[in-house]
Colleague: 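One structure is given below, represented as structure tokens, and several questions about it will come after.
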Amino acid sequence: VQLQASGGGLVQAGGSQRLSCAVSGRAFSTLSMGWFRQAPGKEREFVATISWSGGRTYYAGSVKGRFTISRDNAKNTVYLQMNSLKPEDTAVYYCAASNGWSTDSINGYDYWGQGTLVTVSS
């Protein structure tokens, strides 16, 4: 399974950004998908996850109400819509795929993309 994240860049605080992650090499609709992020000098942390059907989602408390995860199974793509961005959201964002339902556990994800950098300026 290959995951290709895109959509990162520089955005001002209060602004919005949408990340995409294209998946190939496996039936996308059988995978639950997640987004994680890693800020400089910090450990990778969970952001959001979505079930294979899109019927279940789960968010980290720090992004709930501001970020929305979604997926398009016809396009083999998962998205992360980020609104009301804050400087503390600055990080490399990674998409990940799981053969099960792993919510916020890094170890529960089987495949990882290369990451895309989001920088939020104050």
Side-chain angles (χ1 to χ4, degrees):
V1 177
Q2 292 79 45
L3 291 77
Q4 182 72 41
S6 61
L10 177 64
V11 60
Q12 287 190 332
S16 298
Q17 194 87 346
R18 189 177 82 156
L19 305 182
S20 300
C21 177
V23 179
S24 61
R26 166 76 186 269
F28 178 68
S29 61
T30 67
L31 299 166
S32 63
M33 300 296 300
W35 287 96
F36 289 76
R37 67 185 182 186
Q38 187 166 17
K42 295 188 177 182
E43 294 186 351
R44 192 170 299 188
E45 65 175 6
F46 168 78
V47 175
T49 189
I50 188 166
S51 62
W52 64 271
S53 67
R56 281 191 293 175
T57 58
Y58 180 70
Y59 297 90
S62 58
V63 306
K64 195 171 185 179
R66 299 188 298 123
F67 291 10
T68 302
I69 188 170
S70 62
R71 65 191 294 158
D72 185 337
N73 285 353
K75 295 183 177 180
N76 290 359
T77 302
V78 62
Y79 305 97
L80 185 68
Q81 177 66 43
M82 305 183 292
N83 298 329
S84 303
L85 282 162
K86 305 175 182 180
E88 52 263 43
D89 294 318
T90 295
V92 176
Y93 283 72
Y94 298 89
C95 60
S98 172
N99 293 313
W101 174 244
S102 297
T103 59
D104 59 354
S105 172
I106 289 178
N107 294 330
Y109 289 83
D110 303 290
Y111 313 100
W112 291 84
Q114 85 290 358
T116 184
L117 176 63
V118 174
T119 303
V120 183
S121 63
S122 57

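Computed from a predicted structure; not experimentally measured.
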Colleague: Starting at CD of Glu45, measure out to CG of Asp104 and round the result to the nearest 0.5 Å.
Modeller: 11.0 Å
Colleague: Would you kindly check if the NZ (Lys) or CZ (Arg) of Arg44 is within the cone defined by 45 degrees around the ring axis of Tyr94 and under 6.0 Å from the six-membered ring centre?
Modeller: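 Flagged: Arg44 positioned over aromatic ring of Tyr94.
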Colleague: Given side chains that start at C-beta, do those of Thr49 and Trp101 come closer than 4.5 Å, heavy atoms only?
Modeller: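 Contact flag for Thr49/Trp101 side chains = yes.
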Colleague: Report yes if the side chains of Thr68 and Leu80 come closer than 4.5 Å at any heavy-atom pair, otherwise no.
Modeller: no
Colleague: Same cluster or not: are Phe67 and Leu19 linked, directly or through other Ile, Leu, Val, Met, Phe, Trp or Tyr residues, by side-chain heavy atoms under 4.5 angstrom apart?
Modeller: yes
Colleague: Tell me whether Ser32 contacts the main-chain N or O of Gly100 through its side chain, where contact means a donor paired with an acceptor under 3.5 Å.
Modeller: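 Yes; at least one donor-acceptor contact below 3.5 Å.
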Colleague: With distance as the sole test, does Gln17 use its side chain to make a donor-acceptor pair with the main-chain N or O of Gly7 at under 3.5 Å?
Modeller: yes
Colleague: Test of understanding: clusters of I, L, V, M, F, W, Y form through side-chain heavy atoms closer than 4.5 Å, transitively. Do Val11 and Val92 belong to the same one?
Modeller: no
Colleague: If we ignore hydrogens and angles and just use 3.5 Å, is the side chain of Thr77 paired with the main-chain N or O of Lys75 as donor and acceptor?
Modeller: yes
Colleague: Would you say Trp52 ends up clustered with Val1 if hydrophobic residues are merged whenever their side chains have heavy atoms under 4.5 Å apart, either directly or through other cluster members?
Modeller: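 In one cluster: no.
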Colleague: Leu3 versus Trp112: any side-chain heavy-atom pair under 4.5 Å?
Modeller: no
Colleague: Roughly how far apart are Leu85 CG and Ser16 OG, rounded to 0.5 Å?
Modeller: 6.5 Å
Colleague: How far does OH of Tyr109 sit from CZ of Phe36, to the nearest 0.5 angstrom?
Modeller: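 Those atoms lie 4.5 Å apart.
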Colleague: Quick one, Tyr59 and Val47 - any side-chain contact, counting heavy atoms below 4.5 Å?
Modeller: no
Colleague: Side chains of Ile69 and Trp35, heavy atoms from C-beta outward: is any pair under 4.5 Å?
Modeller: yes
Colleague: Starting at OG of Ser84, measure out to CG of Asp89 and round the result to the nearest 0.5 Å.
Modeller: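 It is 9.5 Å, given to the nearest 0.5 Å.
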Colleague: Are the side chain of Asp110 and the backbone N or O of Asn99 linked by a donor-acceptor pair below 3.5 Å?
Modeller: yes
Colleague: Which value, rounded to the nearest 0.5 Å, describes the distance between Ser62 atom OG and Glu88 atom CD?
Modeller: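 Atom-to-atom, Ser62:OG and Glu88:CD are 9.0 Å apart.
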Colleague: Hey, would you say the Tyr58 and Phe46 ring centroids sit under 6.0 Å apart?
Modeller: yes
Colleague: Provide the closest heavy-atom pair for Met33 versus Cys21 in the form atom of the first, atom of the second, distance.
Modeller: CE-SG, 4.5 Å
Colleague: In a table with atom names and distances, give each donor-acceptor pair under 3.5 Å that connects a side chain of residues 114-122 to protein atoms at least two apart or in another chain.
Modeller:
residue : atom : partner : partner atom : Å
Gln114  : OE1  : Ala5    : N            : 3.4
Gln114  : NE2  : Ala5    : O            : 3.0
Thr116  : OG1  : Gly8    : N            : 3.1

Colleague: Please confirm whether the backbone N or O of Gln81 pairs with a side-chain atom of Arg66, one donor and one acceptor, at under 3.5 Å?
Modeller: no
Colleague: What pair of heavy atoms forms the shortest contact from Arg37 to Ala91, and how long is it?
Modeller: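 Here Arg37 and Ala91 meet closest at CB-CB, 3.8 Å.
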Colleague: Step through the shown structure and confirm whether more than 12 heavy atoms of other residues, nucleotides or ligands are within 6.0 Å of CD on Gln12.
Modeller: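 Atom CD in Gln12 is not crowded, with 12 or fewer foreign heavy atoms closer than 6.0 Å.
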Colleague: Check Ser98 against Gly108 and note the closest heavy-atom contact, atom names and distance.
Modeller: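 In terms of heavy atoms, the two residues are closest at OG-O, 2.9 Å.
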Colleague: When rounded to the nearest 0.5 angstrom, what distance separates CD1 in Ile50 from CZ in Arg56?
Modeller: 11.0 Å
